[in-house]
Amino acid sequence: MISKRISKLVAYKTETTPAKVRLSSNELPFDLPESLKKEISRELEKVQLGRYPDPNSEELREVLGGFFKVNPTNILLGNGSDELIYYLSISVGEFNQGIYFPVPTFPMYEISAKLLGRQAVGVPLLRDFDIDLPTSIKALEENECVLAFFSYPNNPTANLFSREKIKSIREKGLFTVIDEAYYHYSGESFQEEALNREDTVVLRTLSKIGLAGIRVGIMIAKESVVGEINKARLPFNITLPSQVIAKVVLTKGRDFIEDSANRVLEERKKLYKGLSEIEGVEVFPSRANFLLFRTGVDASSVHRELVKEGVLVRDMSHLPALDNCLRVSVGKEEENSLFLEKLSLVMKKLL
Ligand SMILES: *Cc1c(COP(=O)(O)O)cnc(C)c1O
């Protein structure tokens with residue numbers, strides 16, 4: 001009875017191996033300050049969980065508008081940006097038209113396409129992790145692609161693609177989604193274009209700035225585009241606790257968000273330097289809150305040995321062009337030090 005389309009898929013799996021130091025999911029390593037947690041508790045006590053949440057998250061969109069300096073009417077919310085990726089895949093073009101994205105990248109673009117039976121057109125990146133433009137254009141024309149996803153910066157390669165190449169692909173008539181999940185760490189954005197064009201939207205998320213647990217993703221687009229994609233949205237997709245918590249943190253926790261993003265940037269610099277000093281390790285530049293690095297030995301063995309030492313990173317070595325590559329999220333100072341210490345140890349053992 002289950003559709004062939006579904007039965008041939010594999011359910012999405014994340015890294016759940018237990019470990020003392022978890023640097024595998026690009027979360028913010030710092031917990032909210034106590035005062036903010038107390039404020040959240042106070043606000044949560046007031047809500048009636050027996051009632052449905054505001055279906056349009058009006059107040060939260062108002063607050064987010066202030067945070068991102070856009071009108072609330074330019075905002076559509078998803079249960080994480082994952083859900084928005086799904087809504088966009090449902091809403092743009094027809095199901096017999098393909099969805100383009102450079103690979104390796106964030107897996108949800110492919111998963112959403114395949115769930116809907118759409119052609120997922122993943123075109124391998126060049127060796128410098130930028131877009132292969134001629135091959136991309138050929139592939140997207142052959143597969144009649146109408147929708148393009150760009151992780152900007154790209155997860156897991158950590159770089160920003162060339163803006164010009166993204167625009168060249170858009171010029172082929174593709175509706176272009178710029179997934180800026182790491183915006184706070186890159187400072188680069190297509191927001192202006194999203195607010196002025198019908199063919200460009202930007203995705204943001206609270207997940208990488210301290211609120212992965214509440215699942216709030218944000219699409220920024222022209223009002224007319226928001227209106228159309230909103231038709232695909234399930235009612236009440238942002239839970240009542242999520243709306244309350246996000247409102248508190250985005251009004252009273254602005255300093256926390258800003259300070260912690262700055263701390264991550266400082267730690268990223270130190271982590272990059274530390275990695276570049278370990279023998280047998282090649283580290284790539286990063287515009288995000290994680291670093292990709294290649295080991296001169298089998299990366300899966302490195303991963304396994306690190307787990308034994310209580311450190312969890314993400315093994316990326318199965319992905320095309322990422323042979324022997326691992327991804328490490330920027331953690332707290334002491335977590336990063338421990339990771340560097342254990343990695344040195346493991347490399348000495350395996351080299
Ligand atoms: C982490 C990540 C997301 C996930 O966002 P959620 O809001 O937690 O669903 C989206 N896109 C990219 C590129 C990511 O790395």
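Each ligand, and each atom within it, is numbered from 1 in the order the structure gives.
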Strictly below 4.0 Å, N to O, side chains only: are [X] and [Y] in salt-bridge contact?
X	Y	result
Glu333	Lys270	yes
Arg163	Glu188	yes
Asp82	Arg215	yes
Arg304	Asp315	no

Should the pair Tyr152 and Phe190 be assigned to parallel (<30°), tilted (30 to 60°) or perpendicular (>60°) ring geometry?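 Rings of Tyr152 and Phe190: perpendicular, as their planes differ by over 60°.
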Side chain to side chain donor-acceptor pair (under 3.5 Å) contacts touching residues 276-290 (sequence neighbours left out):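 Qualifying pairs, neighbours excluded: Lys273-Glu277.
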Using heavy atoms and a cut-off under 4.0 Å, could you grab the residues that are in contact with ligand 1, chain by chain, numbers ascending? Gly80, Ser81, Asp82, Phe106, Tyr109, Ser151, Asn155, Asp179, Ala181, Tyr182, Thr205, Ser207, Lys208, Arg215
